[in-house]
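To start, the structure itself, in structure tokens.
Both backbone and side-chain heavy atoms feed into the values below; hydrogens, waters and symmetry mates do not. Atoms within a ligand are numbered from 1 in the order they appear, just like the ligands themselves.
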Amino acid sequence: MASSRTPLIAGNWKMNGLSADGTALASELASRMKSAKNGGFEMLVCPPFTLISKVGAAIEGSGLQLGGQDCHSQVKGAHTGDTSAAMLADLGCHYVIVGHSERRTDHGERNEQVRAKAAAGHAAGLNVIICIGETEAERDAGKALEVNKSQVAGSLPDGATAANTVIAYEPVWAIGTGRTPTTDEVQEVHAFIRSELAARVGAEADGMRILYGGSMKPGNAAELIALPDVDGGLIGGASLQADDFWAIAQTCL
Ligand code: 13P
């Protein structure tokens with residue numbers, strides 16, 4: 001974590017939460033944010049679409065940010081079941097996650113589509129979190145850097161800046177498994193991603209946040225977030241427990 005970049009602690013709730021538990025979790029985090037009054041990190045929750053309005057109401061005025069988990073690449077039209085970036089912004093979102101590996105796997109999303117979704121997010125005024133990361137087979141084959149290089153190249157839209165874009169490095173094999181790369185491996189990939197970003201966006205890359213995601217927990221967050229090119233976390237399971245999510249954020253201070 002470099003002091004020039006404000007760490008971002010982002011919770012991806014995935015397909016979890018109904019009205020009661022979702023709003024209770026959001027309210028608890030909002031009250032901790034209000035009483036903490038520190039400027040040491042930015043905190044974001046990305047609930048399922050069904051809860052965005054309720055969570056937005058529960059966190060209003062707390063400083064906790066709101067985001068969506070996906071958006072369509074088009075502004076509007078005949079796309080049954082989809083949500084546009086403008087609709088997310090309309091609900092009070094400031095962020096949208098695009099290209100999560102679960103979207104890439106479950107919905108066959110490819111880099112070109114992820115790039116179009118990211119561009120749509122920017123056009124709607126949203127900050128975009130673009131997810132990349134290699135599979136276990138790709139890492140075992142020595143292709144981790146190559147895969148992340150091609151995902152950065154293919155998924156980053158023109159016009160990406162440090163202010164409107166965050167990269168999340170999420171090794172697919174670390175998501176929900178309790179396994180993580182070593183800190184040396186994480187730093188190696190993050191530094192490599194930053195150099196690839198620099199080749200695309202020049203000096204903007206110095207300010208662009210690169211999050212680590214994949215089995216981040218209170219017990220391993222401090223050592224991961226302390227790495228020079230790790231600027232926070234994109235957290236799944238542990239973001240569903242207020243104590244765990246808050247404990248992760250506290251490691252930024
Ligand atoms: P876990 O923290 O549950 O491994 O999930 C990480 C993730 O996919 C966040 O987007």
Side-chain angles (χ1 to χ4, degrees), residues 7-17 21-22 25 29 41-49 51-52 55 64-71 88 93-107 109 114 117-118 121 126-136 138-139 144 147-148 151-152 155 165-183 185-186 189-190 193 209-225 227 230-252:
L8 175 62
I9 301 300
N12 176 8
W13 293 8
K14 307 189 179 184
M15 197 173 71
N16 292 292
D21 54 326
L25 173 58
L29 292 170
F41 58 86
E42 188 182 347
M43 190 180 246
L44 165 71
V45 287
C46 300
F49 184 73
L51 289 182
I52 289 177
V55 167
L64 190 55
Q65 305 272 347
L66 187 62
Q69 298 177 10
D70 177 47
C71 67
L88 296 176
C93 291
H94 288 107
Y95 281 88
V96 63
I97 299 168
V98 295
H100 193 282
S101 65
E102 287 150 16
R103 303 269 340 154
R104 292 179 188 259
T105 303
D106 295 355
H107 301 273
E109 293 186 9
V114 174
K117 289 178 177 220
L126 297 176
N127 297 327
V128 170
I129 301 176
I130 301 171
C131 301
I132 60 173
E134 81 283 356
T135 63
E136 184 158 35
E138 289 163 342
R139 176 162 281 271
V147 168
N148 284 290
Q151 290 186 346
V152 169
S155 307
T165 303
V166 175
I167 305 295
Y169 167 57
E170 300 205 306
V172 178
W173 52 276
I175 295 175
T177 59
R179 297 164 57 209
T180 58
T182 66
T183 50
E185 287 166 341
V186 171
V189 177
H190 278 237
I193 291 169
R209 291 175 292 185
I210 306 175
L211 311 183
Y212 170 78
S215 297
M216 188 181 268
K217 310 276 181 221
N220 61 19
E223 61 178 11
L224 289 164
I225 292 172
L227 295 169
V230 175
D231 308 307
L234 182 55
I235 299 128
S239 76
L240 297 172
Q241 303 294 332
D243 285 343
D244 285 353
F245 194 47
W246 191 252
I248 290 171
Q250 297 303 296
T251 68
C252 298

Is it the side chain (CB and beyond), the backbone, both or neither of Asn12 that lies under 4.0 Å from ligand 1, heavy atoms counted?
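Just the side chain.
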Distance under 4.0 Å to a non-hydrogen atom of [X]: what atoms of ligand 1 satisfy this?
X      : value
Gly214 : 4 (O), 6 (C)
Gly237 : 1 (P), 2 (O), 3 (O)
Glu170 : 6 (C), 7 (C), 8 (O), 9 (C), 10 (O)
Ser215 : 1 (P), 2 (O), 4 (O)

For atom 1 (P) of ligand 1, which candidate among Gly236, Ala238, Cys131, Gly213 holds the nearest heavy atom?
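It is Gly236 whose heavy atom sits nearest to atom 1 (P) of ligand 1.
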Does any donor atom in the side chain of Gln69 or Tyr95 lie under 3.5 Å from an acceptor atom in the other side chain?
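On atom types as modelled, these side chains do not qualify, holding no pair under 3.5 Å.
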Between Glu102 and ligand 1, is there a nitrogen or oxygen pair with a distance under 3.5 Å?
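In this structure, Glu102 places no N or O atom under 3.5 Å from an N or O of ligand 1.
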Using atom types as modelled and distance alone, determine if a side-chain donor or acceptor of [X] lies under 3.5 Å from a backbone N or O of [Y].
X      : Y      : result
Gln241 : Ala238 : no
Asn16  : Pro48  : no
Arg209 : Thr165 : no

Could you tell me whether Asp70 and Lys117 make a salt bridge, using a distance below 4.0 angstrom between a side-chain N and a carboxylate O?
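Yes.
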Could you tell me whether Arg104 and Glu109 make a salt bridge, using a distance below 4.0 angstrom between a side-chain N and a carboxylate O?
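No, Arg104 and Glu109 are not salt-bridged.
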Give the residue and atom name of whichever protein heavy atom lies nearest to atom 5 (O) of ligand 1, and the separation in Å to one decimal.
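Nearest protein contact, heavy atoms only, for atom 5 (O) of ligand 1 is Lys14 NZ, 3.3 Å.
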